[in-house]
Each structure stands twice: as C-alpha cells, then as structure tokens.
Asker: 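Take a look at the following structure, please.
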Amino acid sequence: MKKVLVMVALVMVSVIVYAFNDKAETNQSKKEAIGNGKVVVMNKEMFLKDVFDYEKSKKWKYKGDKPAIIDLYADWCGPCRQTAPIMKELAKEYAGKIIIYKVNVDKQKELAALFNATSIPLFVFIPMNGDPQLFRGAADKATYKKAIDEFLLK
C-alpha cells in the first residue's frame, strides 16, 4: 500500500511540475512572438496596450514600434482559412519589419465593431504614421506584398 501511495504522490508532483514549466514556456513564447516572424493572436487587452487605447482617446495614435496588419477572421470563414497561410508566410518574410496580428471576430466582438467588420476577412493595415487603411476580402500573396511595400514600408 505504501508503494502505491508513493507512486501516486510522485505522479502528482510530476504533473504539477510539468504544468508550471509548460505555462512558463507558453508565456515566454508569447513574448518572443511579437515581431518574430509569427502571426500573433490578439485580444482587446493586447490591442489597447500595443496598438491603440480607444477607451482613453478618440484620435487615432498607433502605439507600436513597427507597422502592423490586423487580420480580422472567423474559424468558419472559408476565405479566412485561405488567407491564413499567406499571412504566416508574410510574417516570416517581413520578420522584424512588420507585425501581423489576427483577431477572431467571434471572440473579440468589440474589436470587430471598432473596425466595422461586417464582412470578413478584413485586414487593417497600420502604418507608423497616419490612419489605418482597411482591405476587405481575400487576395493573393502578391497583392498583400504590394500593400505592405507601398503603404506600410514606404
């Protein structure tokens, strides 16, 4: 009986240690993901902190240190699923130059309403200076590259 109790205790300790280590690695990977060639999942809190605090100011002022694209999408949206791999490729190609965020409109309804996302996919191109521009609908990679090169990185 003592052996069984010892084994159960060891398993419990192992599970707890694994859970804490996994959580630390997840938090670390989130910190590294910003501008590191990955598409970053954005929520309202992150938007207010890293992009624009619309609760404190009505006048647009981008807070980021690199131009950005926000991809407003939904899991059930076919064109959104077609553009997702393109955004991943662009995040890698433009790593260190731009940040690409994605916002699930079903989970982040307030952000969807902020950009009047009545149809998706909707892409918000945010330059360092000036107002963001909206791009509605899916397109090919070359179209997005042209918008990045001519609008965000000009």
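In what follows, residues are counted from 1 in the order of the sequence shown. Worth knowing before you read on, the calculation uses all heavy atoms, side chains too, and leaves out hydrogens, waters and symmetry mates.
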Asker: Which pair of non-hydrogen atoms, one from Val103 and one from Gln108, has the smallest distance, and what is that distance?
Answerer: CG1-CB, 3.6 Å
Asker: If I compare all heavy atoms of Ala138 with all of Thr83, which pair ends up nearest, and what's the gap?
Answerer: CB-CG2, 3.6 Å
Asker: With side-chain contact (heavy atoms from CB on, under 4.5 Å) as the criterion, how do Ile99 and Lys66 come out once you've worked through the C-alpha distance, each side chain's angles and the decisive distance to 0.1 Å?
Answerer: CA-CA 7 Å; Ile99 300 172; Lys66 294 180 192 83; 4.2 Å; yes
Asker: Tell me, please, which residues at least two apart from Glu110 pass side-chain hydrogen bond (donor to acceptor under 3.5 Å, both in side chains).
Answerer: Lys44, Tyr54
Asker: Please name the residue in the list Tyr144, Tyr73, Phe115 that meets the ring-ring contact (aromatic ring centres under 6.0 Å, His included) test with Phe123.
Answerer: Tyr144
Asker: Decide whether Leu153 and Phe151 are clustered together by the hydrophobic rule: side chain heavy atoms of Ile, Leu, Val, Met, Phe, Trp, Tyr closer than 4.5 Å, transitively.
Answerer: yes
Asker: As a quick check of understanding, evaluate side-chain contact (heavy atoms from CB on, under 4.5 Å) for Leu48 and Glu55, giving each step before the final call.
Answerer: CA-CA 8 Å; Leu48 294 173; Glu55 294 178 335; 3.5 Å; yes
Asker: Just to verify, what does Ala74 make a side chain to side chain contact (heavy atoms under 4.5 Å, CB included) with, not counting sequence neighbours?
Answerer: Trp76, Cys77, Val105, Asp106, Ile120
Asker: Is there a side-chain contact between Asp75 and Asn104, using heavy atoms and a 4.5 Å cut-off?
Answerer: yes
Asker: Could you check whether Glu93 pairs with Lys141 (Lys NZ or Arg NE/NH1/NH2 to Asp/Glu carboxylate O, under 4.0 Å)?
Answerer: yes
Asker: Any idea which heavy atoms bring Leu152 and Ala68 closest together, and the distance?
Answerer: CD1-O, 3.9 Å
Asker: Evaluate the criterion side-chain contact (heavy atoms from CB on, under 4.5 Å) for residue pair Met87 and Asp71; output intermediate values, then yes/no.
Answerer: CA-CA 8 Å; Met87 289 296 129; Asp71 172 7; 3.9 Å; yes
Asker: For the atom pair CD1 (Ile100) and CE (Met42), what is the distance rounded to the nearest 0.5 Å?
Answerer: 12.0 Å
Asker: Hey, is NZ on Lys63 packed in by over 12 heavy atoms from elsewhere, all under 6.0 Å?
Answerer: yes
Asker: Pick one: which of Asp50, Leu111, Ile69 meets side-chain contact (heavy atoms from CB on, under 4.5 Å) with Tyr101?
Answerer: Asp50
Asker: So how far is it from Phe47 CZ to Asp53 CG, rounded to the nearest 0.5 Å?
Answerer: 9.0 Å
Asker: Kindly determine whether Phe125 and Leu134 satisfy side-chain contact (heavy atoms from CB on, under 4.5 Å), including the steps that lead there.
Answerer: CA-CA 6 Å; Phe125 286 77; Leu134 303 180; over 6 Å; no
Asker: Quick one: do the Tyr62 and Asp131 side chains pair a donor with an acceptor below 3.5 Å?
Answerer: no
Asker: Who passes side chain to side chain contact (heavy atoms under 4.5 Å, CB included) against Pro132, sequence neighbours left out?
Answerer: Trp60, Val124, Ile126
Asker: Could you tell me which non-hydrogen atom of Lys38 sits nearest to which non-hydrogen atom of Ala91, and how far apart they are?
Answerer: C-CB, 3.8 Å
Asker: Closest approach of Pro67 and Met128, non-hydrogen atoms and distance?
Answerer: N-SD, 3.5 Å
Asker: Provide the closest heavy-atom pair for Arg136 versus Leu122 in the form atom of the first, atom of the second, distance.
Answerer: CG-CD1, 3.5 Å
